[in-house]
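Below is one structure, written out as structure tokens; comments come after it.
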Amino acid sequence: MEKIYKDIPDNFNELESYVITNKMEITESLIRSEKCYFYDTCAFRNHMNISNPDAIFEYMKRNSGVVVLTRGIIMEMCSNDGKLWNEHIEYIKKMSEYGIKVIVMFEEDVFDVLKAYCSDVSKINKWLIFAVRCIKSKAGTIEKVLQMNSVLKKEVLLSDTCTDGTLAKKLFKEIRENKTTQDNLGEELIAICTHWLSNIRNVNEYKYIILTDDKKAIPTISKAIKNSEKYQGMKLIAVVTTAKLCALMQQGALLNSLVDVVDILSPRCEEDIIKIYGSEVYELKPSEKSMKISEFATKIINSSITVYS
């Protein structure tokens, strides 16, 4: 049975007082924030089940961060019956009450953010076109949409110039309407949005942080990271798993015990095993590793492992 996908959940009104949806506020928040944390569905669901996520919130707050939930991710979060779960709403409420801004935005809202930076519509569309071409997979939903819609195909695949200010809205609306089960679309759309946003020149590196525990999505995100760095000349996008986040929080003295690390990692693991890509003290290069959560927690607290993902 096909799941129900809605970019505006039936119970969204329960969430509205805790999130930013106004385009002007979205634009200001994304431009002014030092870090923008884009949640994918998997990481969000893991984090919402942590008994005490305050260390994560404090880490984001110290980095002057804003949390971003795209409509593609919202669709995945409420895919069972068209409604957000109570756990989704409670986690967002906790973030808001901790003082973290939470943005819920349509992917096409990035156009308005870039419009505040660059008045040339054709240039903004060109950045979007390059991002889509970089990220889309040959057998994915985005490719299918472009092949089915001759107008979008011409504007996105067959031309480098488009002066239509509604291109992004038409494109993303069509893509969302064609979402299917297990199509990895949410992560692809995040990758496109961050790649598109990376055209805004920034002083600091790694402004756009994609939080994911879906290892299958990392190659897609990596395409955005590599292409953005190649053309922008600096590293603006990063992918951070919960394991990597634990390492970063420990470096910032936000995790001080094994219990803290185990509490954060337990919701994302089955059979008490975690898989990471990293290197230990005397290793010359990183490799794939599997270990018990308690063992990994010990290595994190003792700073005896470097985590890449």
query = Can T242 and N46 be counted as having a side-chain donor-acceptor contact under 3.5 angstrom?
reply = no

task = Indicate yes or no: does R176 engage D7 in a salt bridge with an N to O separation below 4.0 Å.
result = yes

ask   = Within the side chain of K35, is there an N or O that forms a donor-acceptor pair under 3.5 Å with the backbone of N63?
value = no

Residues that T298 engages under side-chain hydrogen bond (donor to acceptor under 3.5 Å, both in side chains), provided they are two or more places apart = none

request  = Name all residues meeting the salt bridge (Lys or Arg N to Asp or Glu O under 4.0 Å) criterion together with K6; count only those two or more places apart in sequence or in a different chain, and write none if there are none.
outcome  = D10

request  = Mark yes or no for whether N149, through its side chain, and V151, through its backbone, hold a donor-acceptor pair below 3.5 Å.
outcome  = yes

key: Partners meeting salt bridge (Lys or Arg N to Asp or Glu O under 4.0 Å) with E229 (sequence neighbours left out)   = none

query = Taking the side chain from N199 and the backbone from W196, do they hold a donor-acceptor pair closer than 3.5 Å?
reply = yes

query = Is N11 reaching over with its side chain to a backbone N or O of E14, donor-acceptor style, under 3.5 angstrom?
reply = no

request  = Could you tell me whether E143 and K138 have a side-chain N and a carboxylate O separated by less than 4.0 Å?
outcome  = no

query = Within the distance-only criterion (no hydrogens, no angle test), does the side chain of D213 pair as donor or acceptor with the backbone N or O of C42 below 3.5 angstrom?
reply = no

task = Could you tell me which non-hydrogen atom of E187 sits nearest to which non-hydrogen atom of A217, and how far apart they are?
result = CG-CB, 3.5 Å

query = Looking only at heavy atoms, which two atoms of I300 and C246 are closest? And how far apart?
reply = CG2-O, 4.1 Å

request  = Write out all pairs satisfying ring pair (Phe, Tyr, Trp, His ring centres under 6.0 Å) with one or both partners inside residues 92-139, taking only residues at least two apart or from two chains.
outcome  = F57-Y98

inquiry  = Under 3.5 Å, is there a donor on one side chain and an acceptor on the other for D120 and S122?
reply    = yes

remark   = Sorted by chain and residue number, the side-chain hydrogen bond (donor to acceptor under 3.5 Å, both in side chains) partners of S29 (sequence neighbours excluded) come out as none

key: Backbone of I135 reached by a side-chain donor or acceptor of K223 within 3.5 Å   = yes

inquiry  = Do L265 and I50 sit in one hydrophobic cluster, given that two such residues count as connected whenever their side-chain heavy atoms are within less than 4.5 Å of each other, even indirectly?
reply    = yes

message = Consider side chain to side chain contact (heavy atoms under 4.5 Å, CB included). Of T181, L185, T180, which one does Y5 pass it with?
response = T181

note = The side chain to side chain contact (heavy atoms under 4.5 Å, CB included) partner of I92 among V19, L84, V104, V67 is V19

K289 with E283: basic N within carboxylate O range, under 4.0 Å = yes

ask   = Does S228 use its side chain to pair, donor to acceptor, with the backbone of I225 at less than 3.5 Å?
value = no

Residues E25 and K101 bridged, charged N to O under 4.0 Å = no

ask   = Who pairs with K226 by side-chain hydrogen bond (donor to acceptor under 3.5 Å, both in side chains), at least two apart in sequence or on another chain?
value = none

key: Salt-bridge present (K94, E90; N to O < 4.0 Å)   = no

request  = Return yes when atom NZ of K123 has more than 12 non-hydrogen atoms of other residues, nucleotides or ligands closer than 6.0 Å, and no otherwise.
outcome  = no

key: Which residues share a salt bridge (Lys or Arg N to Asp or Glu O under 4.0 Å) with K207, sequence neighbours left out   = none

key: Check: N256 main-chain N/O paired with Q250 side-chain donor or acceptor under 3.5 Å   = no

Side-chain donor-acceptor distances from residues 156-172 under 3.5 Å, at least two apart:
residue, atom, partner, partner atom, Å
S159, OG, T161, N, 3.1
S159, OG, T161, O, 3.0
D160, OD1, R133, NH1, 2.8
D160, OD1, R133, NH2, 3.2
D164, OD1, T166, N, 2.9
D164, OD1, T166, OG1, 2.7
D164, OD2, T166, OG1, 3.1
D164, OD2, K170, NZ, 2.7

inquiry  = Check this for me, if you would: do E280 and K299 make a salt bridge, where the nitrogen-to-carboxylate-oxygen distance has to be below 4.0 angstrom?
reply    = yes

ask   = Hey, any chance L258 and L245 share a hydrophobic cluster, counting ILVMFWY side chains that come within less than 4.5 Å of each other, even indirectly?
value = yes

Non-hydrogen atoms of A224 and C134 that approach each other most closely = N-SG, 4.3 Å

key: ring pair (Phe, Tyr, Trp, His ring centres under 6.0 Å) contacts touching residues 243-262 (sequence neighbours left out)   = none

task = Give a yes or no on whether a salt bridge exists between R45 and E87, defined as a side-chain N under 4.0 angstrom from a carboxylate O.
result = no

message = Can a side-chain donor-acceptor contact be found between Y208 and H195 if the only test is distance below 3.5 angstrom?
response = no

ask   = Short question: side chain of N204, backbone of N202 - any donor-acceptor pair under 3.5 Å?
value = no

For the student: nearest non-hydrogen atoms of A191 and I221, plus distance = CB-CA, 4.4 Å

ask   = Mind checking who shares a hydrophobic cluster with Y282, ILVMFWY linked at side-chain heavy-atom distances under 4.5 Å?
value = V281

note = Those residues at least two apart in sequence (or on a different chain) that pass salt bridge (Lys or Arg N to Asp or Glu O under 4.0 Å) with D112 are K23

query = Is there a donor-acceptor pair closer than 3.5 Å between any side-chain N or O of S257 and the backbone N or O of D260?
reply = yes

inquiry  = I'd like to check the side-chain hydrogen bond (donor to acceptor under 3.5 Å, both in side chains) partners of H88; sequence neighbours left out, ordered by chain and number.
reply    = none

